[in-house]
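Encoded as structure tokens, the structure appears first; notes follow it.
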Protein chains: 2
Amino acid sequence: MSLPHAILTALLERPSSGLELTRRFDRSIGYFWSATHQQIYRELGRLEESGYIRALAPEQPARGRKKEYEVLPAGREELTGWVAGREDPKPVRDPLLLRMRAAAVVGTDGLPVELRRHLALHESQLAEYRDIEARDFSPGPNPDAAPAASEADRLRHLVLRAGIDLERMWVEWLTEALRESDTAPAGPEGA
Amino acid sequence: MSLPHAILTALLERPSSGLELTRRFDRSIGYFWSATHQQIYRELGRLEESGYIRALAPEQPARGRKKEYEVLPAGREELTGWVAGREDPKPVRDPLLLRMRAAAVVGTDGLPVELRRHLALHESQLAEYRDIEARDFSPGPNPDAAPAASEADRLRHLVLRAGIDLERMWVEWLTEALRESDTAPAGPEGA
DNA sequence: TCTGCCATGTAATATGTTACATGATTGT
DNA sequence: ACAATCATGTAACATATTACATGGCAGA
């Protein structure tokens, strides 16, 4: 039940149309909750029906016309309640780890190539996050002179650092995995 | 498309019935790919129909009777091909990070309690992984004298270390998040 | 007018979750 | 006989993915 709350958060940050939301889900919000435009349009319909959001500048029932949405008080309340609620962390679900486990049974053919590819992807993502951090959360040359970060900025920086920590973890783990597979002779294991 | 391959891997490690698989998906395999018994039974049916697995000790079409499955050569080939294939890492999808982003807009009421709860859960999971590592992959007092780990063991250890690294990352991140929210006064942000 | 892109949407399918149903086996 | 548990399954629903459809608008 996270997608509706992701959309409410995005719309509170800035009222948007479906396509604008889709683009924001390809960047900032999408860094920790991805969604396609089909999901977003469907969910916008539901949220409107529930009275959590409403369309601005109406009188345009046409199909190809832009439709902006804003959050209603009921939507803000719903989101506030969700933030305060309980939700256990989901168990990890990672196809790459599964493939490594499978490789322990049927052999590692083709795996190192894939590990190198993933390493490059994670390094690239890490670099992107670090750029964002330098741009949006740089402390400046004299931290004491800078204004104290707002609570909202502090939270957004924390979320970004989770992304950075995660990517760094994968980069380190993949590097170690490749180092080992270079050292050990990697013959087929599945005989 | 990972669940069928998770099941093929599990069945190659050891032929099992549906319920036995379910239990293994609550432990070892479930640490990086979870599944309920309903998913497993449905997928077992499909895999059998595709000719990837077959039921052992047949002649028992009854409902409550145990049914063991084993992997056929076609199933092993399918799995080998999947291991060698390409599959991009999925973007992160984490409700807790989403909630922190939402909290930046509507306020942090109730969040610290939840962060502490998650911290305890991750610490517990980390401890469990470390127990498994000590039990199954301990180098012993004299590593040089111990037999070299097999390629399969090396891979399984790597997968376990990914789990350990992930949990440790969350423990550290949550600890830092709590330390900051103790320092900074956490007033409602959504005014 | 034609092409390309902006924008919203439908349809079909796949996967995952929750609740419930049925039969078999074992111990009391 | 009964209850508890093992074991396999169905049904309904929710969510996510993929492919396609429709209309508006701007410029060549």
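Rounded to an integer number of Å, the gap from Leu21(B) CG to dG9(D) C1' is 15 Å. Note: CD (Glu20(A)) to C1' (dC5(C)) measures 15 Å, nearest angstrom. Rounded to whole angstrom, the span from the CG atom of Asp26(A) across to the P atom of dC6(C) amounts to 13 Å. Spacing between atom NE2 of His37(B) and atom C1' of dA21(C) amounts to 10 Å, rounded to whole angstrom units. The distance from atom CD1 of Ile40(B) to atom C1' of dT17(C) is 13 Å, rounded to the nearest whole Å. Atom pair Leu19(A):CG and dG23(D):P shows a separation of 19 Å (rounding to whole Å applied). Whole-Å rounding puts the Leu44(A) CG to dT8(C) P distance at 9 Å.
Between the side chain of Arg99(A) and the backbone N or O of Gly85(B) there is at least one donor-acceptor pair closer than 3.5 Å.
Using a 4.0 Å cut-off between charged nitrogen and carboxylate oxygen, Asp136(B) and Arg156(B) do not count as a salt-bridge pair. Salt bridge annotation for Glu70(B)-Arg54(B): present, with a cationic side-chain nitrogen under 4.0 angstrom from a carboxylate oxygen.
The nucleotide whose nearest atom lies closest to any side-chain atom of Gln38(A) is, among dT8(C), dC20(D), dC6(D), dC20(D).
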Donor-acceptor contacts, no H, no angles, side chain residues 14-21 of chain A, under 3.5 Å, sequence neighbours left out:
| unit_1 | atom_1 | unit_2 | atom_2 | d |
| --- | --- | --- | --- | --- |
| Ser16(A) | OG | Arg14(A) | O | 2.9 |
| Ser16(A) | OG | Arg24(A) | NH1 | 3.0 |
| Ser17(A) | OG | Glu20(A) | N | 3.4 |
| Glu20(A) | OE1 | Ser17(A) | N | 3.0 |
| Glu20(A) | OE2 | Lys66(A) | NZ | 3.3 |

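Phosphate contact (OP1/OP2 of dG9(C), side-chain N/O of Tyr41(A), threshold under 4.0 Å): absent. Contact check, Lys67(A) against dG9(C): a side-chain N or O comes under 4.0 Å of OP1 or OP2. Listed pair Thr36(A) / dT18(D) fails the phosphate criterion, with no side-chain N or O lying under 4.0 Å from OP1 or OP2.
Residues Ala35(A) and Arg23(B) both approach DNA chain D. Their nearest nucleotides, taken by heavy-atom distance, put Arg23(B) toward the 5′ side. When each of Gly18(B) and Lys90(B) is assigned the nucleotide of DNA chain D with its nearest heavy atom, Gly18(B) is the one assigned upstream, toward the 5' end.
Contact detail for Pro95(A) and Ser2(B): the closest heavy-atom pair is CB-OG, 3.7 Å.
Residue contacts shown for Thr22(A) are absent, as no nucleic acid heavy atom lies under 4.0 Å away.
We find the CD1-CE distance between Ile164(A) and Met169(B) to be 10.5 Å, quoted to the nearest 0.5 Å.
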Distances under 3.5 Å between protein N/O atoms and the N/O atoms of nucleotides 14-16 of chain D, please, pair by pair.
| unit_1 | atom_1 | unit_2 | atom_2 | d |
| --- | --- | --- | --- | --- |
| dA16(D) | OP1 | Arg93(B) | NH1 | 3.3 |
| dA16(D) | OP2 | Gln39(A) | NE2 | 3.1 |
| dA16(D) | N7 | Arg42(A) | NH2 | 3.2 |

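Of the listed residues (Leu44(B), Leu79(B), Leu47(B)), just one forms a side-chain contact (heavy atoms from CB on, under 4.5 Å) with Pro4(B), and that residue is Leu47(B).
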